[in-house]
Amino acid sequence: MLPTESKKALSFKRYIEDGDLVIVYERHDVMKPVVVSKNGVLQNRFGVYKHSDWIGKPLGTKVFSNKGKFVYLLAPTPELWTLVLSHRTQILYIADISFVVMYLEVVPGCVVLESGTGSGSLSTTLARAVAPTGHVYSFDFHEQRAESAREDFEKTGISSLVTVEVRDIQGQGFPEKLSGLADSVFLDLPQPWLAVPSAAKMLKHDGVLCSFSPCIEQVQRTCEVLRSDFIEIRTFEVLLRTYEVKEVKVDTSSMVGESHDEDNGGSRPCKRKHRSNEEGNISQDNDSSTTTSVVMARPCSEARGHTGYLTFARLQCLS
(Lines give C-alpha, C1' and ligand atoms only; values in the text may rest on other atoms or scores of the structure.)
Protein backbone atom coordinates (compact mmCIF):
# COMPACT_ATOMS: atom_id res chain seq x y z
CA MET A 1 0.00 0.00 0.00
CA LEU A 2 3.00 2.34 0.32
CA PRO A 3 5.39 3.67 -2.34
CA THR A 4 8.81 2.05 -2.08
CA GLU A 5 10.82 4.77 -3.81
CA SER A 6 13.09 6.21 -1.12
CA LYS A 7 12.67 9.82 -2.29
CA LYS A 8 8.88 9.82 -2.25
CA ALA A 9 6.83 10.89 0.71
CA LEU A 10 5.37 8.01 2.69
CA SER A 11 1.65 8.03 1.89
CA PHE A 12 -1.09 5.59 1.09
CA LYS A 13 -2.54 5.12 -2.36
CA ARG A 14 -6.10 6.33 -2.46
CA TYR A 15 -7.58 3.54 -4.57
CA ILE A 16 -7.51 -0.19 -3.92
CA GLU A 17 -5.71 -2.46 -6.38
CA ASP A 18 -5.34 -6.20 -6.79
CA GLY A 19 -2.72 -7.43 -4.27
CA ASP A 20 -3.16 -4.54 -1.83
CA LEU A 21 -3.42 -5.04 1.91
CA VAL A 22 -6.51 -3.46 3.49
CA ILE A 23 -7.98 -3.46 6.97
CA VAL A 24 -11.56 -4.73 6.99
CA TYR A 25 -13.28 -2.79 9.76
CA GLU A 26 -16.46 -4.21 11.32
CA ARG A 27 -16.34 -2.19 14.53
CA HIS A 28 -13.68 -0.64 16.77
CA ASP A 29 -12.76 -4.00 18.33
CA VAL A 30 -13.31 -6.26 15.29
CA MET A 31 -10.88 -5.71 12.42
CA LYS A 32 -9.01 -8.00 10.05
CA PRO A 33 -6.13 -7.56 7.56
CA VAL A 34 -6.99 -8.88 4.10
CA VAL A 35 -4.88 -9.07 0.94
CA VAL A 36 -7.13 -8.15 -1.98
CA SER A 37 -7.38 -10.68 -4.81
CA LYS A 38 -9.64 -10.28 -7.83
CA ASN A 39 -10.96 -13.82 -7.29
CA GLY A 40 -10.98 -13.59 -3.50
CA VAL A 41 -13.96 -13.74 -1.19
CA LEU A 42 -14.38 -12.65 2.42
CA GLN A 43 -17.00 -14.40 4.54
CA ASN A 44 -18.06 -13.26 7.99
CA ARG A 45 -21.18 -13.09 10.12
CA PHE A 46 -22.62 -10.44 7.82
CA GLY A 47 -22.42 -12.49 4.63
CA VAL A 48 -20.13 -12.79 1.61
CA TYR A 49 -18.00 -9.97 0.18
CA LYS A 50 -16.33 -10.29 -3.25
CA HIS A 51 -12.88 -8.73 -3.51
CA SER A 52 -13.60 -7.86 -7.14
CA ASP A 53 -16.16 -5.35 -5.86
CA TRP A 54 -13.42 -3.63 -3.85
CA ILE A 55 -10.88 -3.07 -6.64
CA GLY A 56 -10.89 0.51 -7.90
CA LYS A 57 -12.73 1.80 -4.83
CA PRO A 58 -11.13 4.48 -2.62
CA LEU A 59 -9.84 3.60 0.84
CA GLY A 60 -12.47 4.29 3.47
CA THR A 61 -15.24 2.87 1.27
CA LYS A 62 -18.26 1.16 2.79
CA VAL A 63 -18.83 -2.15 0.96
CA PHE A 64 -21.89 -4.38 1.20
CA SER A 65 -22.30 -8.15 1.46
CA ASN A 66 -24.86 -10.32 -0.30
CA LYS A 67 -27.05 -9.80 2.77
CA GLY A 68 -26.90 -6.03 2.57
CA LYS A 69 -24.60 -5.63 5.60
CA PHE A 70 -21.50 -3.46 5.36
CA VAL A 71 -17.87 -3.14 6.46
CA TYR A 72 -15.28 -0.43 5.82
CA LEU A 73 -12.04 -0.89 3.85
CA LEU A 74 -9.27 1.09 5.54
CA ALA A 75 -5.59 1.74 4.88
CA PRO A 76 -3.13 -0.32 6.99
CA THR A 77 -1.80 2.61 8.98
CA PRO A 78 0.63 1.86 11.81
CA GLU A 79 -2.16 2.58 14.30
CA LEU A 80 -4.52 0.01 12.76
CA TRP A 81 -1.73 -2.48 12.01
CA THR A 82 -0.82 -2.49 15.71
CA LEU A 83 -4.37 -3.64 16.47
CA VAL A 84 -4.53 -6.47 13.89
CA LEU A 85 -1.00 -7.87 13.57
CA SER A 86 -0.04 -11.39 14.66
CA HIS A 87 1.32 -11.38 18.20
CA ARG A 88 4.58 -13.31 18.04
CA THR A 89 5.60 -11.54 21.25
CA GLN A 90 4.00 -9.07 23.62
CA ILE A 91 3.67 -5.81 21.69
CA LEU A 92 3.79 -2.10 22.41
CA TYR A 93 0.48 -0.30 21.98
CA ILE A 94 -0.35 3.16 20.72
CA ALA A 95 0.07 5.04 24.02
CA ASP A 96 3.63 3.75 24.55
CA ILE A 97 4.52 3.95 20.85
CA SER A 98 3.55 7.60 20.49
CA PHE A 99 5.46 8.46 23.66
CA VAL A 100 8.55 6.63 22.39
CA VAL A 101 8.56 8.35 18.99
CA MET A 102 8.29 11.78 20.58
CA TYR A 103 10.91 11.32 23.31
CA LEU A 104 13.35 9.61 20.96
CA GLU A 105 13.01 12.74 18.78
CA VAL A 106 12.45 10.64 15.65
CA VAL A 107 11.94 12.76 12.53
CA PRO A 108 12.27 12.17 8.76
CA GLY A 109 15.84 11.24 7.85
CA CYS A 110 16.76 9.71 11.23
CA VAL A 111 18.60 6.41 11.62
CA VAL A 112 17.04 4.30 14.38
CA LEU A 113 18.33 1.03 15.85
CA GLU A 114 15.83 -1.33 17.46
CA SER A 115 16.24 -4.54 19.45
CA GLY A 116 14.26 -6.74 19.48
CA THR A 117 11.96 -6.70 16.52
CA GLY A 118 9.29 -8.90 18.10
CA SER A 119 5.95 -8.55 16.33
CA GLY A 120 7.03 -5.36 14.56
CA SER A 121 4.45 -3.08 16.16
CA LEU A 122 6.89 -0.26 16.97
CA SER A 123 8.96 -0.87 13.82
CA THR A 124 6.03 0.09 11.58
CA THR A 125 5.55 3.44 13.30
CA LEU A 126 9.29 4.15 13.35
CA ALA A 127 9.43 3.51 9.59
CA ARG A 128 6.74 6.08 8.93
CA ALA A 129 8.45 8.57 11.26
CA VAL A 130 11.86 8.35 9.51
CA ALA A 131 10.48 8.26 5.93
CA PRO A 132 11.33 9.06 3.23
CA THR A 133 15.12 9.30 3.69
CA GLY A 134 15.73 7.69 7.08
CA HIS A 135 16.08 4.03 8.00
CA VAL A 136 15.27 1.60 10.81
CA TYR A 137 17.69 -1.24 11.61
CA SER A 138 15.88 -3.86 13.65
CA PHE A 139 17.48 -6.89 15.33
CA ASP A 140 16.01 -10.05 16.80
CA PHE A 141 17.83 -13.16 18.06
CA HIS A 142 14.98 -15.44 16.88
CA GLU A 143 15.35 -16.29 13.19
CA GLN A 144 11.72 -17.25 12.56
CA ARG A 145 10.44 -14.06 14.21
CA ALA A 146 12.80 -12.00 12.09
CA GLU A 147 11.60 -13.71 8.90
CA SER A 148 7.95 -13.21 9.86
CA ALA A 149 8.64 -9.53 10.52
CA ARG A 150 10.21 -9.15 7.06
CA GLU A 151 7.09 -10.67 5.50
CA ASP A 152 4.88 -8.25 7.42
CA PHE A 153 6.97 -5.27 6.33
CA GLU A 154 6.61 -6.43 2.73
CA LYS A 155 2.84 -6.59 3.15
CA THR A 156 2.62 -3.10 4.63
CA GLY A 157 5.00 -1.65 2.03
CA ILE A 158 7.78 -0.47 4.36
CA SER A 159 10.48 -3.03 3.54
CA SER A 160 12.63 -0.34 1.90
CA LEU A 161 12.67 1.57 5.19
CA VAL A 162 13.36 -1.32 7.61
CA THR A 163 16.26 -3.78 7.63
CA VAL A 164 15.75 -6.82 9.87
CA GLU A 165 18.76 -8.87 10.96
CA VAL A 166 19.17 -11.92 13.20
CA ARG A 167 21.53 -11.00 16.02
CA ASP A 168 21.83 -11.44 19.79
CA ILE A 169 22.26 -7.82 20.83
CA GLN A 170 22.63 -8.69 24.53
CA GLY A 171 25.53 -11.04 23.81
CA GLN A 172 27.11 -9.54 20.68
CA GLY A 173 26.09 -5.90 20.76
CA PHE A 174 25.13 -3.93 17.66
CA PRO A 175 27.19 -4.34 14.45
CA GLU A 176 30.30 -2.17 14.33
CA LYS A 177 29.34 -0.94 10.84
CA LEU A 178 26.62 1.18 12.48
CA SER A 179 28.96 2.77 15.03
CA GLY A 180 28.26 6.49 15.42
CA LEU A 181 25.44 6.51 12.85
CA ALA A 182 22.32 6.20 14.99
CA ASP A 183 20.20 9.16 16.02
CA SER A 184 18.33 6.99 18.51
CA VAL A 185 18.28 3.46 19.91
CA PHE A 186 15.35 1.50 21.29
CA LEU A 187 15.85 -1.56 23.51
CA ASP A 188 13.14 -4.12 24.33
CA LEU A 189 15.25 -6.84 25.95
CA PRO A 190 15.12 -9.02 29.08
CA GLN A 191 18.52 -7.64 30.20
CA PRO A 192 18.84 -4.23 28.51
CA TRP A 193 21.77 -3.18 30.69
CA LEU A 194 23.96 -5.64 28.79
CA ALA A 195 23.30 -3.74 25.54
CA VAL A 196 23.75 -0.22 26.90
CA PRO A 197 27.56 0.03 26.30
CA SER A 198 27.14 -1.06 22.67
CA ALA A 199 24.20 1.32 22.19
CA ALA A 200 26.35 4.20 23.42
CA LYS A 201 28.90 3.45 20.67
CA MET A 202 26.19 3.43 18.00
CA LEU A 203 24.72 6.81 18.91
CA LYS A 204 25.72 10.14 17.44
CA HIS A 205 26.65 12.93 19.85
CA ASP A 206 23.51 13.97 21.74
CA GLY A 207 21.65 10.84 20.58
CA VAL A 208 18.81 9.40 22.67
CA LEU A 209 18.26 5.87 24.01
CA CYS A 210 15.02 4.32 25.22
CA SER A 211 14.65 1.04 27.11
CA PHE A 212 11.27 -0.67 27.61
CA SER A 213 10.97 -2.99 30.61
CA PRO A 214 7.91 -4.50 32.31
CA CYS A 215 9.59 -4.75 35.75
CA ILE A 216 10.98 -1.92 37.88
CA GLU A 217 13.97 -4.09 38.89
CA GLN A 218 15.06 -4.12 35.24
CA VAL A 219 14.77 -0.34 35.17
CA GLN A 220 16.90 0.09 38.28
CA ARG A 221 19.72 -2.07 36.97
CA THR A 222 19.62 -0.40 33.55
CA CYS A 223 19.82 3.07 35.09
CA GLU A 224 22.93 2.06 37.05
CA VAL A 225 24.73 1.27 33.79
CA LEU A 226 23.32 4.31 31.95
CA ARG A 227 24.94 6.72 34.41
CA SER A 228 28.38 5.96 32.98
CA ASP A 229 27.78 7.53 29.56
CA PHE A 230 24.31 9.12 29.63
CA ILE A 231 22.60 12.14 31.12
CA GLU A 232 18.93 13.22 31.47
CA ILE A 233 17.91 9.74 32.63
CA ARG A 234 14.13 9.62 33.09
CA THR A 235 11.63 6.80 33.54
CA PHE A 236 7.91 6.99 32.70
CA GLU A 237 4.87 4.77 33.03
CA VAL A 238 2.18 5.59 30.47
CA LEU A 239 -1.37 4.86 31.62
CA LEU A 240 -4.20 5.41 29.15
CA ARG A 241 -7.80 5.72 30.30
CA THR A 242 -10.53 5.39 27.68
CA TYR A 243 -14.07 6.66 28.17
CA GLU A 244 -17.33 5.40 26.69
CA VAL A 245 -19.72 8.19 25.72
CA LYS A 246 -23.15 6.74 24.96
CA GLU A 247 -26.75 7.81 24.60
CA VAL A 248 -29.03 6.18 27.16
CA LYS A 249 -32.77 6.41 27.80
CA VAL A 250 -34.18 7.46 31.14
CA ASP A 251 -37.66 6.44 32.25
CA THR A 252 -39.20 9.80 33.11
CA SER A 253 -42.32 8.24 34.59
CA SER A 254 -40.33 7.06 37.59
CA MET A 255 -39.03 10.60 38.14
CA VAL A 256 -42.46 11.80 39.23
CA GLY A 257 -42.22 12.42 42.94
CA GLU A 258 -38.53 11.46 42.83
CA SER A 259 -37.51 13.79 45.62
CA HIS A 260 -40.27 12.46 47.85
CA ASP A 261 -39.32 8.85 47.08
CA GLU A 262 -35.67 9.48 47.85
CA ASP A 263 -36.54 11.08 51.15
CA ASN A 264 -38.39 7.89 52.03
CA GLY A 265 -35.62 5.55 50.90
CA GLY A 266 -36.96 5.13 47.35
CA SER A 267 -34.70 4.06 44.49
CA ARG A 268 -33.42 6.34 41.73
CA PRO A 269 -34.92 6.07 38.23
CA CYS A 270 -33.63 3.23 36.07
CA LYS A 271 -31.53 4.14 33.03
CA ARG A 272 -31.69 1.99 29.90
CA LYS A 273 -29.18 2.12 27.04
CA HIS A 274 -30.32 3.15 23.57
CA ARG A 275 -28.60 0.33 21.71
CA SER A 276 -27.04 0.89 18.32
CA ASN A 277 -25.09 -1.43 16.03
CA GLU A 278 -22.02 -0.23 14.08
CA GLU A 279 -22.55 -2.91 11.47
CA GLY A 280 -25.61 -1.19 10.09
CA ASN A 281 -28.40 -2.69 12.21
CA ILE A 282 -30.09 -0.01 14.27
CA SER A 283 -32.32 -1.55 16.87
CA GLN A 284 -35.72 0.08 17.21
CA ASP A 285 -36.56 0.92 20.80
CA ASN A 286 -40.25 0.51 21.60
CA ASP A 287 -40.07 2.61 24.75
CA SER A 288 -43.15 4.74 25.39
CA SER A 289 -43.19 8.53 25.38
CA THR A 290 -42.28 8.45 29.08
CA THR A 291 -38.57 8.05 28.22
CA THR A 292 -36.00 10.67 27.32
CA SER A 293 -32.45 10.36 25.92
CA VAL A 294 -29.39 11.60 27.76
CA VAL A 295 -25.67 11.28 27.04
CA MET A 296 -23.64 9.45 29.68
CA ALA A 297 -19.85 9.10 30.02
CA ARG A 298 -18.00 6.44 31.99
CA PRO A 299 -14.55 4.82 32.02
CA CYS A 300 -14.25 1.91 29.61
CA SER A 301 -14.22 -1.46 31.35
CA GLU A 302 -11.57 -2.72 28.89
CA ALA A 303 -9.00 -0.04 29.76
CA ARG A 304 -5.45 -1.42 29.92
CA GLY A 305 -3.38 -0.84 33.01
CA HIS A 306 0.37 -1.19 33.32
CA THR A 307 2.25 -2.24 30.19
CA GLY A 308 5.80 -1.35 31.09
CA TYR A 309 8.32 1.32 32.03
CA LEU A 310 10.01 3.56 29.47
CA THR A 311 13.48 4.80 30.42
CA PHE A 312 15.05 7.56 28.30
CA ALA A 313 18.61 8.85 28.41
CA ARG A 314 20.74 11.18 26.28
CA LEU A 315 24.31 10.34 25.33
CA GLN A 316 26.72 12.63 27.12
CA CYS A 317 28.79 14.81 24.80
CA LEU A 318 32.46 14.73 25.77
CA SER A 319 34.48 17.77 24.70
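Excluded from the calculations below are hydrogen atoms, water molecules and symmetry mates; all remaining heavy atoms, backbone and side chain alike, are included.
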Sorted by chain and number, sequence neighbours left out, salt bridge (Lys or Arg N to Asp or Glu O under 4.0 Å) with Glu105 holds for Arg314
Residues Ser184 and Leu203: closest non-hydrogen pair is CA-CD2, 3.6 Å
Single-linkage hydrophobic cluster, 4.5 Å side-chain cutoff, Ile169 and Leu315 together
yes
query: Counting N and O atoms only, with roles assigned by atom type, does the side chain of Asp140 sit under 3.5 Å from a partner on the main chain of Val166, one being a donor and the other an acceptor?
result: no
task: Report yes if the side chains of Ile97 and Ser121 come closer than 4.5 Å at any heavy-atom pair, otherwise no.
output: yes
Is His142 reaching over with its side chain to a backbone N or O of Arg145, donor-acceptor style, under 3.5 angstrom? yes
Determine whether the side chains of Ser138 and Glu165 contain a donor N or O and an acceptor N or O closer than 3.5 Å. no
The salt bridge (Lys or Arg N to Asp or Glu O under 4.0 Å) partners of Asp183 (sequence neighbours excluded) come to Lys204
Check your understanding: Has the side chain of His51 got a donor or acceptor atom that lies under 3.5 Å from a matching backbone atom of Asn39?
Key -> no
Ignoring hydrogens and angles, tell me if any N or O in the side chain of Gln218 forms a donor-acceptor pair with the backbone of Pro192 under 3.5 Å. no
Take Lys32 and Glu26 through the salt bridge (Lys or Arg N to Asp or Glu O under 4.0 Å) test and state the conclusion after the steps.
CA-CA 8 Å; Lys32 181 181 181 180; Glu26 295 183 23; over 6 Å; no
Notebook entry, point to check: Counting N and O atoms only, with roles assigned by atom type, does the side chain of Glu147 sit under 3.5 Å from a partner on the main chain of Glu143, one being a donor and the other an acceptor?
Noted result: no
Practice item. Measure from the side-chain N and O atoms of Thr61 to the backbone N and O of Leu73, and report whether any donor-acceptor pair falls under 3.5 Å. Key: no
* Within 6.0 angstrom of Gln90 CD, more than 12 heavy atoms from elsewhere -> no
Rounding to 0.5 Å, atoms CH2 (Trp193) and OG (Ser213) come to a distance of 7.5 Å
Taking Gly120's backbone N and O only, do any of them form a donor-acceptor pair with Thr124's side chain (distance below 3.5 Å, no angle check)? yes
Hydrophobic clusters here meaning ILVMFWY residues chained together by side-chain heavy-atom distances under 4.5 Å, can you tell me if Leu161 and Val185 are in one? no
**Report entry** Tyr25 with Val35, same ILVMFWY side-chain cluster at under 4.5 Å
**Finding:** yes
Open item on the list: Quick check: do Glu17 and Val36 have side-chain heavy atoms less than 4.5 Å from each other?
Closed with: no
- Message: Keeping Asn66 on the side-chain end and Gly47 on the backbone end, is there a donor-acceptor pair under 3.5 Å?
- Response: no
Exercise for review: Spell out, as yes or no, whether a donor-acceptor pair under 3.5 Å connects the side chain of Lys57 to the backbone of Asp53.
Suggested key: yes
Query raised in the report: Is the closest side-chain heavy-atom distance between Tyr309 and Ile216 below 4.5 Å?
Result: yes
Answer yes when Lys249 and Asp251 have at least one side-chain N-carboxylate O distance shorter than 4.0 Å, and no when they do not.
no
More than 12 heavy atoms from other groups under 6.0 Å of NE2 on His205: no
Begin with the C-alpha distance, continue with both residues' side-chain angles, and end with the deciding distance and a verdict on side-chain hydrogen bond (donor to acceptor under 3.5 Å, both in side chains) for Thr235 and Thr311.
CA-CA 4 Å; Thr235 297; Thr311 299; 2.9 Å; yes
Heavy-atom side-chain contact between Arg88 and Ser119 under 4.5 Å = yes
Legend entry - Path from Val219 to Leu310 over hydrophobic side-chain contacts below 4.5 Å: no
Item to complete: Would you please test Phe64 and Tyr49 for ring pair (Phe, Tyr, Trp, His ring centres under 6.0 Å) and show each step?
Response: CA-CA 7 Å; Phe64 292 85; Tyr49 301 82; 8.7 Å; no
Report task. Check the side chains of Thr307 and Asp96 for a donor-acceptor pair under 3.5 angstrom, ignoring hydrogens and angles. Result -> yes
Report whether Phe212 and Phe139 are members of the same hydrophobic cluster (ILVMFWY, side-chain heavy atoms less than 4.5 Å apart, transitive linking). no
Rounded to the nearest 0.5 angstrom, the CD1-OG1 distance for Ile91 and Thr82 is 5.5 Å
Distance col, row Ser115:OG vs Phe186:CZ, nearest 0.5 angstrom, shows 9.5 Å
Here the gap from Thr163 atom OG1 to Arg150 atom CZ, rounded to the nearest 0.5 Å, amounts to 9.5 Å
Counting C-beta onward and ignoring hydrogens, is there a side-chain heavy-atom pair between Arg128 and Glu79 closer than 4.5 Å?
yes
Note: Val295 and Val245 closest approach over all heavy atoms is CG1-CG1, 3.5 Å
### Task
Check whether any side-chain heavy atom of Val71 sits under 4.5 Å from a side-chain heavy atom of Lys62, and report yes or no.
no
When every non-hydrogen atom of Leu21 is compared with those of Pro33, the smallest separation belongs to CD1-CB, 4.0 Å
Applying ring pair (Phe, Tyr, Trp, His ring centres under 6.0 Å) to Tyr137 and not counting sequence neighbours gives His135
Are Val101 and Thr125 close enough, and set up right, to give a side-chain contact (heavy atoms from CB on, under 4.5 Å), and what steps lead you there?
CA-CA 8 Å; Val101 171; Thr125 300; 3.8 Å; yes
Checking Ser198 side chain against Phe174 main chain: does a donor-acceptor pair fall under 3.5 Å? yes
Quiz item: With a 4.5 Å limit on heavy-atom distance, are the side chains of Val225 and Phe230 in contact?
Solution: no
